[in-house]
Q: 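Sharing a structure here in C-alpha cells format.
Only this structure's heavy atoms are used, side chains among them; waters, hydrogens and symmetry mates stay out. Residue numbers start from 1 in every chain, and the chains themselves are labelled A, B, ... in the order their sequence lines are given, proteins ahead of strands.
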There are 2 protein chains.
Amino acid sequence: MNERKRNVMEAAHALFVEKGYAATSIQDILDQSGISKGTFYNYFPSKNELLMSIFEKINLETDQRRAHVIAGRPVHDKEAFIQQVKVKMEVSKENNLFALFQGVFISEDEELKKFIKQHHISELRWMQRRVIEVYGMRVYPYSIDLAVMMHGMIHHTVHFVMAIEADVNVDQVIGYAMRRVDAAIEEIIHTNDALLDPHVLEKWQPEEERARERKKSRVLQEIGAMQREADERSNELLVFLQDEMREETPRRLVMETVAGTISNNETLMLRIKEFFS
Amino acid sequence: MNERKRNVMEAAHALFVEKGYAATSIQDILDQSGISKGTFYNYFPSKNELLMSIFEKINLETDQRRAHVIAGRPVHDKEAFIQQVKVKMEVSKENNLFALFQGVFISEDEELKKFIKQHHISELRWMQRRVIEVYGMRVYPYSIDLAVMMHGMIHHTVHFVMAIEADVNVDQVIGYAMRRVDAAIEEIIHTNDALLDPHVLEKWQPEEERARERKKSRVLQEIGAMQREADERSNELLVFLQDEMREETPRRLVMETVAGTISNNETLMLRIKEFFS
DNA sequence: TACCTGTTAGAACAACAGTACAAAAATTGA
DNA sequence: TCAATTTTTGTACTGTTGTTCTAACAGGTA
C-alpha cells in the first residue's frame with residue numbers, strides 16, 4: 001500500500017477515535033493529512049469505505065496479536081484463550097471501537113452494516129471454535145450457546161464498566177465470565193440444555209472461507225490419524241505441521257518438505273496440496 | 001398533548017421503525033404527517049429531541065406493561081419476572097429498538113448519548129432490584145453482577161438470533177438465560193464470587209429518583225413489618241397497599257384512606273405522607 | 001375595525017458528502 | 001533528457017441534510 005494512503009488512513013483513524021466517525025468531516029481528514037479532495041476520492045470510494053479499510057486493518061492486527069499469543073502453546077491452554085479474548089477487548093478500547101462500531105449502524109449504509117455483521121459472525125465463529133478446543137468435543141453440542149453467552153457477558157460487562165467508570169479491569173471481567181462458563185458447562189452438559197444448533201453459523205460464512213476451513217480440518221484430521229501410529233521422530237514432525245497449520249499463513253514449501261520426509265505420507269501430501277490449491 | 005403533535009410523533013415513529021433514524025429525513029416526516037417545517041420546529045427543538053420524545057413514550061409503555069404483568073402477584077414470582085423481561089424484548093422488537101438505539105451513538109449528540117446511557121442504567125437498576133426481589137436478599141452482594149450478566153446474555157442472544165434469523169423465540173432465550181442464572185447463583189454464593197459493588201449504580205441515578213426510591217422502599221418496609229403481626233383483614237389491606245405502591249402512579253387518597261383503617265398505623269401513615277411529599 | 005399573539009408555510013442558509021474537470025506536478029520509460 | 005503517462009491539486013459544482021428566518025395567517029380581544 002501507498003505510503004501516502006497509509007498516512008491518510010492513520011490520520012483518519014486518529015480523528016475517528018478522538019472525535020467519532022460522524023463528527024469527523026472529510027475536510028478534517030484532508031486538513032489533517034494534507035491531501036486534496038481529489039486524492040482522497042482517488043484512494044477511497046467513500047468515507048464508509050475508508051472506515052471499512054480501517055476496520056480491516058484493526059481486525060488484521062487483532063488476528064496477528066492473537067496468533068502470537070497462542071504460538072507454541074497447545075490449543076486447549078485456557079490461559080492462552082483468556083489472553084486472546086483480552087486482546088480483542090484491548091484493541092476495542094484502544095481504538096474506541098465500542099463507539100465506532102455502534103456508530104456504523106445509524107449510517108444506514110447497507111454495505112457497512114453487512115460488513116459489521118460479517119465481522120461479528122466471524123468473531124463468534126472464532127469463539128465457538130476456541131471453546132471447543134479449550135473444553136473438548138463434549139461441549140460441541142452447546143458450543144454456539146457458550147460462545148454467544150460468553151461474548152455477550154464480556155462485551156456487555158466491559159461496556160457497562162466503562163460507562164459507569166467502575167474500578168474494574170478487563171482481566172477481572174474476563175476471569176469472572178470464565179468462571180461462570182466453567183460452571184455452566186457442567187450444568188449444561190448434565191441437563192443437556194442446548195439453545196442453538198452449533199451449525200447455525202455455517203451458512204453465514206462466506207463460501208470461500210468455509211471451503212478453506214473444510215480443507216484445513218481435513219489436513220489436521222489426517223495429521224491426527226497419523227499421530228496414532230507414528231514413531232517418535234514422525235510425531236515431532238507431525239506436531240510441527242499441526243502448529244504451522246494453525247498459523248495465520250502456513251508456509252507451503254516448509255510444510256510439503258517436512259511432510260515429504262514422513263513415511264506413508266501420500267494422503268497427507270494430497271490434503272496439503274488441496275489446502276494450498 | 002396536541003392532537004396534531006401526537007400525529008407527527010406517530011408518523012415519525014413509524015418511519016423510524018421502517019427505515020431507521022438516519023435514513024428518515026425531516027422532509028419525509030413532513031410529507032407523511034402533512035405539516036410544514038415551521039410547525040415541526042415549533043413542536044420539537046430538533047430531530048434528536050423528537051427521537052427522545054418517542055423513546056420516552058416507548059419506555060412509558062414498557063413500564064406500564066410491566067406493571068400490568070406484576071399486578072396482583074408477589075414480587076418473588078419468577079414467572080412474572082420472566083414475562084416482564086419479555087415485555088422489554090417485545091417492545092424492542094416491535095419498535096426496532098435494536099437498530100434505533102444503536103443508531104443514536106453515531107449522532108455524536110451529547111444530549112442523546114446521555115439520554116440513552118441513563119436509560120440503560122435505569123434498566124439495569126430495575127433488573128438488579130427485581131433479581132433481589134425474586135432470589136431474595138442473599139443474592140444482594142452479587143445483584144449487579146447478576147443483572148448485568150442476565151441483561152447481556154439476553155440482549156446479545158436475542159440480537160444474535162435475529163441477525164442470523166435462527167428459529168428460536170424470545171421465550172426460549174429468556175428461559176435459557178434464567179436457567180443459567182439459577183445455576184450460577186448457587187455457585188456464586190458458594191464461592192462468594194463478586195465482581196461489582198452493588199451500590200455502583202446509585203451515583204448514576206438522578207438524585208430526585210434516588211430519594212423517591214428511598215421513600216418508596218421505606219413504605220414497603222413498613223408494610224412488610226406490619227404484615228408479620230397483622231390479622232387477616234389487615235393483611236389483605238396491606239397487600240393492596242403493597243400493590244398500589246408498585247403502580248406507576250400510586251393514588252395518594254386511596255392509600256391514605258385504606259391505611260387509616262388499619263390499627264397501629266402511625267408509622268405507616270407517616271411513611272406514606274413522606275412518600276407523597 | 002384595529003391590534004395582538006401564537007401558528008404556519010416555505011424560502012433561505014450552512015454544513016456536509018461526493019463529482020467534475022482542468023491545470024500542475026510527479027513519475028516513468030525510452 | 002524529454003515526452004508520455006499517471007497522480008495530485010484546487011476549485012467550482014450538485015444535491016441533500018438539519019436548522020433558522022421571515023412574512024403571512026388565523027383567532028381572539030378591545
Side-chain angles (χ1 to χ4, degrees), chain A residues 1-16 18-55 99-100 103-113 115-116, chain B residues 1-16 18-55 99-100 102-116:
Chain A
M1 171 167 347
N2 192 335
E3 167 69 25
R4 209 175 162 83
K5 186 173 172 183
R6 197 197 335 274
N7 207 29
V8 176
M9 274 180 72
E10 273 163 22
H13 185 178
L15 284 168
F16 289 167
E18 185 194 331
K19 318 188 353 177
Y21 177 67
T24 303
S25 71
I26 290 194
Q27 194 55 53
D28 290 337
I29 300 168
L30 305 184
D31 295 346
Q32 188 74 19
S33 54
I35 59 161
S36 72
K37 217 167 209 184
T39 311
F40 179 92
Y41 280 97
N42 199 20
Y43 289 154
F44 308 99
S46 70
K47 197 184 168 191
N48 279 342
E49 290 277 345
L50 163 62
L51 183 61
M52 284 200 249
S53 302
I54 292 172
F55 275 152
L100 271 192
V104 157
F105 274 79
I106 202 171
S107 77
E108 308 293 342
D109 180 278
E110 278 312 315
E111 280 302 311
L112 206 39
K113 272 199 205 168
F115 180 86
I116 299 296
Chain B
M1 177 176 331
N2 192 334
E3 167 69 27
R4 209 172 159 88
K5 184 173 173 184
R6 198 196 334 276
N7 208 30
V8 176
M9 274 180 74
E10 273 163 22
H13 186 179
L15 285 168
F16 289 167
E18 187 194 329
K19 316 185 0 178
Y21 178 66
T24 303
S25 71
I26 291 197
Q27 195 55 52
D28 291 338
I29 300 169
L30 303 184
D31 295 346
Q32 189 75 19
S33 53
I35 59 161
S36 73
K37 252 187 183 155
T39 310
F40 180 90
Y41 278 94
N42 200 21
Y43 290 153
F44 309 99
S46 70
K47 195 184 171 192
N48 280 342
E49 290 277 345
L50 164 61
L51 183 60
M52 285 200 249
S53 302
I54 292 173
F55 274 152
L100 271 192
Q102 306 271 33
V104 158
F105 275 79
I106 200 169
S107 75
E108 307 293 341
D109 180 277
E110 279 312 314
E111 281 301 311
L112 205 41
K113 273 197 202 168
K114 207 189 284 175
F115 180 86
I116 300 296

Q: Can you tell me how far P of C/dG18 sits from CG of A/Leu51, to the nearest Å?
A: 12 Å
Q: Side chains of A/Tyr21 and A/Ile54, heavy atoms from C-beta outward: is any pair under 4.5 Å?
A: no
Q: Who passes side-chain contact (heavy atoms from CB on, under 4.5 Å) against A/Asp28, sequence neighbours left out?
A: A/Leu15, A/Lys19, A/Thr24, A/Ser25
Q: Mind checking side-chain contact (heavy atoms from CB on, under 4.5 Å) for B/Phe44 and listing every partner two or more places apart, or none if nothing turns up?
A: B/Lys5, B/Val8, B/Met9, B/Phe40, B/Leu50, B/Ser53
Q: Taking DNA chain D as the partner, which of residues 32-45 of chain B come within under 4.0 angstrom of it by heavy atom?
A: B/Lys37, B/Tyr41
Q: Atom CE in A/Met52, atom OG in A/Ser46: separation rounded to 0.5 Å?
A: 6.5 Å
Q: Figure out the CG/C1' separation between A/Asn48 and C/dC16, and round it to whole Å.
A: 14 Å
Q: Give me each pair satisfying salt bridge (Lys or Arg N to Asp or Glu O under 4.0 Å) with a member in residues 39-52 of chain A, each pair once, sequence neighbours excluded.
A: none
Q: Round to the nearest Å and state the distance from B/Arg4 atom CZ to C/dG6 atom C1'.
A: 13 Å
Q: For the pair A/Tyr43 and A/Asn2, evaluate side chain to side chain contact (heavy atoms under 4.5 Å, CB included) and give the outcome as yes or no after the intermediate values.
A: CA-CA 9 Å; A/Tyr43 289 154; A/Asn2 192 335; 3.3 Å; yes
Q: Check step by step if side chain to side chain contact (heavy atoms under 4.5 Å, CB included) holds for A/Phe55 and A/Ile116.
A: CA-CA 9 Å; A/Phe55 275 152; A/Ile116 299 296; 3.4 Å; yes
Q: Let me have the donor-acceptor pairs involving side chains of residues 29-38 of chain B, under 3.5 Å, with sequence neighbours excluded, atom names and distances please.
A:
{"from": "B/Asp31", "atom 1": "OD1", "to": "B/Gln27", "atom 2": "NE2", "distance (Å)": "3.1"}
{"from": "B/Ser33", "atom 1": "OG", "to": "B/Ile29", "atom 2": "O", "distance (Å)": "2.6"}
{"from": "B/Ser36", "atom 1": "OG", "to": "B/Thr39", "atom 2": "OG1", "distance (Å)": "3.2"}

Q: Quick check for you: name the first and last nucleotides of DNA chain D, 5' to 3', having an atom under 4.0 Å from a heavy atom of chain A.
A: D/dT8 to D/dT9
